[in-house]
Amino acid sequence: MLCGGAIEVRKVFTEDTVGKEVTVRGWVHRVFKVGGKVFAWVRDPTGVVQVVFEKSSLPEGTWPQVKKLTRESSLEVRGVVREDPRAPGGREVLAKTLKVYGFSPPFPIRGKEEIEFLLDIRHLWLRSRRMTAIMKIKHTILKALREWLLREGWWEVTPPILTGSAVEGGATLFEVKYFDKKAYLSQSAQLYLEVLIYSLGKVWSLTPSFRAEKSRTRRHLSEYWHLEIEGAWYDMEDTMKVAEEMVAYAVRKVLEERREELEFLGRDVSKLEPALETPYPKITYDEAIERLKAKGFNIEWGDDLGADEERALTQDFEKPFFVTHFPKHIKAFYMKPDPKRPEVVLGYDLLAPEGYGEIIGGSQREDDYDKLLQRIKEEGLNPKDYEWYLDLRKYGTVPHSGFGLGVERLVMWVAGLDHIRDATPFPRWRGRIYP
RNA sequence: GCCGGGGUAGCUCAGCCGGUAGAGCGCCGGGCUGUUAACCCGGUGGUCGGGGGUUCGAGUCCCCUCCCCGGCGCCA
């Protein structure tokens with residue numbers, strides 16, 4: 001029972017309501033006016049039910065309001081549930097009373113609008129069944145990721161969003177005014193998480209991250225939700241295990257709890273099922289290059305993997321897989337070189353299949369003071385900005401590793417979306433900041 | 001930043017070799033007692049993204065500019 005004595009629309013169908021009086025509330029999803037009857041499909045967060053209005057069943061004075069009902073008008077109806085094969089879902093509500101909360105002017109979305117228009121009225125588009133399904137899936141993914149981490153004993157911490165310096169390079173930072181100084185919106189909590197492992201051991205955070213890249217791809221947002229973990233005494237392999245177990249758990253939860261939404265989105269769930277099984281395959285960067293050469297790519301050892309290359313690699317796997325041991329020069333300064341092969345780092349990406357590509361990037365961190373300082377200098381960064389970070393290697397350094405997961409990337413793959421913007425209600429990229 | 005596509009009615013689009021704009025849907029009015037993207041009849045609807053130029057005349061040709069979409073690089 002909802003507040004005010006109403007029931008969820010779904011319950012009209014799932015509970016023993018036939019012949020009984022119920023109150024439903026929601027928005028008019030569609031309305032048909034036929035002769036002396038009006039059919040309104042009423043939508044709430046749980047479903048859609050057909051409400052039938054007949055003049056003879058309604059109190060004096062209500063009929064003119066019924067005639068004025070429009071799409072997206074909000075209302076409350078008390079009526080009797082009855083079975084009728086002509087009603088969607090086999091049941092409908094014959095209205096006895098109507099309370100209109102707000103009439104709606106003509107709703108601008110009817111189903112064949114262009115993306116540009118839809119993005120401008122995103123605040124209305126979010127009412128669609130498609131966006132609702134995606135947001136429910138995202139909810140379940142976030143819940144599952146949290147559940148897994150809490151169950152495994154990871155501490156949730158709260159790193160800052162306003163930061164004084166870059167994590168990796170300065171070109172992609174959003175600059176903000178900070179009193180009489182400059183500050184930046186965080187693009188990763190990693191450095192702060194590294195601080196916190198010295199007291200808590202295993203930590204994680206879920207925060208927005210910001211990238212000012214002028215990206216124009218279907219896999220980039222300027223603002224996205226970033227799940228990051230960092231563990232003391234975790235080596236690269238240890239965090240890869242965390243990554244695959246956590247992802248597998250999230251996929252399992254979505255398959256258990258969001259079946260209906262996946263179906264509505266047309267997602268082929270058989271493509272997700274292989275991801276339930278861990279461990280995930282692992283290939284080295286060297287092997288990736290070999291595979292790509294065999295596929296006819298013009299690529300040499302030392303080149304970074306581009307979008308086409310990544311997509312081609314995902315064709316070889318039916319579940320997420322790791323690519324490990326990248327050349328040092330294409331990765332961030334904080335990654336620890338492989339002691340056995342100093343030209344590569346102890347870093348990895350987790351790529352989702354079906355062309356989706358990278359959803360996680362992780363590494364073991366450089367834990368030696370001198371080597372880290374040298375890498376900072378090599379990158380042209382100012383060691384002064386990283387003094388506190390370098391201190392971590394001075395005061396009782398410890399081997400440690402971690403990764404960052406792009407929540408919207410994970411949602412995109414699980415839900416089978418063709419653009420990351422739909423994995424978040426109010427996407428920000430390039431110039432888009434409205435609504 | 002680079003490459004490609006686009007901006008005409010509220011929406012989706014058409015508009016030829018330059019002659020001051022059309023359709024469908026929506027909306028409004030009327031009709032219809034079971035609609036499922038309802039249907040039928042009538043009506044309504046435009047600074048053709050912005051600026052400049054060529055021309056007797058520009059949605060159409062030329063120049064500049066703004067915005068949007070797709071792709072690349074970068075990344076999660």
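Owing to the predicted nature of the structure, the values given are computational and were not obtained by experimental measurement. Residue numbers begin at 1 in each chain, while the letters A, B, ... track the order of the sequences.
A:Arg211 and A:Ser222 share no donor-acceptor pair across their side chains, judged by distance under 3.5 Å alone.
Under the salt bridge (Lys or Arg N to Asp or Glu O under 4.0 Å) criterion, A:Glu287 pairs with A:Arg291, not counting sequence neighbours.
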*Summarise protein proximity over nucleotides 29-36 of chain B in one line of letters, 5' to 3': B for base, S for sugar-phosphate only, - for none, counting protein heavy atoms closer than 4.0 Å.*
---BBBBB

_Base contacts versus sugar-phosphate-only contacts with protein, heavy atoms under 4.0 Å: please encode nucleotides 3-12 of chain B as B, S and - from 5' to 3'._
-------BSS

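Nucleotides B:rG15 and B:rG53 are separated by 24 Å at their C1' atoms, to the nearest Å. Of the P atoms belonging to B:rG19 and B:rC61, the separation is 11 Å, rounded to the nearest Å. Straight-line distance between the P atoms of B:rG22 and B:rG43: roughly 15 Å, to the nearest whole Å. B:rC27 and B:rU44 have their C1' atoms separated by 8 Å, with the value rounded to a whole Å.
Among pairs with a residue in residues 290-321 of chain A, those fulfilling ring pair (Phe, Tyr, Trp, His ring centres under 6.0 Å) read A:Tyr285-A:Trp301, A:Phe317-A:Phe321, at least two apart in sequence or across chains.
Sorted by residue number, the members of residues 299-310 of chain A with any non-hydrogen atom under 4.0 Å from RNA chain B read A:Asp304, A:Gly306, A:Ala307, A:Glu310.
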Side-chain polar contacts of residues 409-424 of chain A - donor-acceptor pairs under 3.5 angstrom, sequence neighbours left out - could you list them?
unit_1	atom_1	unit_2	atom_2	d
A:Arg409	NE	A:Arg219	O	2.9
A:Arg409	NH1	A:Glu358	O	2.9
A:Arg409	NH2	A:Arg219	O	2.9
A:His419	ND1	A:Arg421	N	3.1
A:Asp422	OD1	A:Arg122	NH1	3.2
A:Asp422	OD2	A:Arg130	NH2	3.0
A:Thr424	OG1	A:Lys138	NZ	3.4

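Regarding the sugar-base torsion, B:rC17 falls in the syn class, its angle being within 90° of 0.
Ring centroid separation for the pair A:Trp388 and A:Tyr192 comes in under the 6.0 Å cut-off.
One donor-acceptor pair, N or O on each side, does fall under 3.5 Å between the base of B:rC75 and the side chain of A:Arg219.
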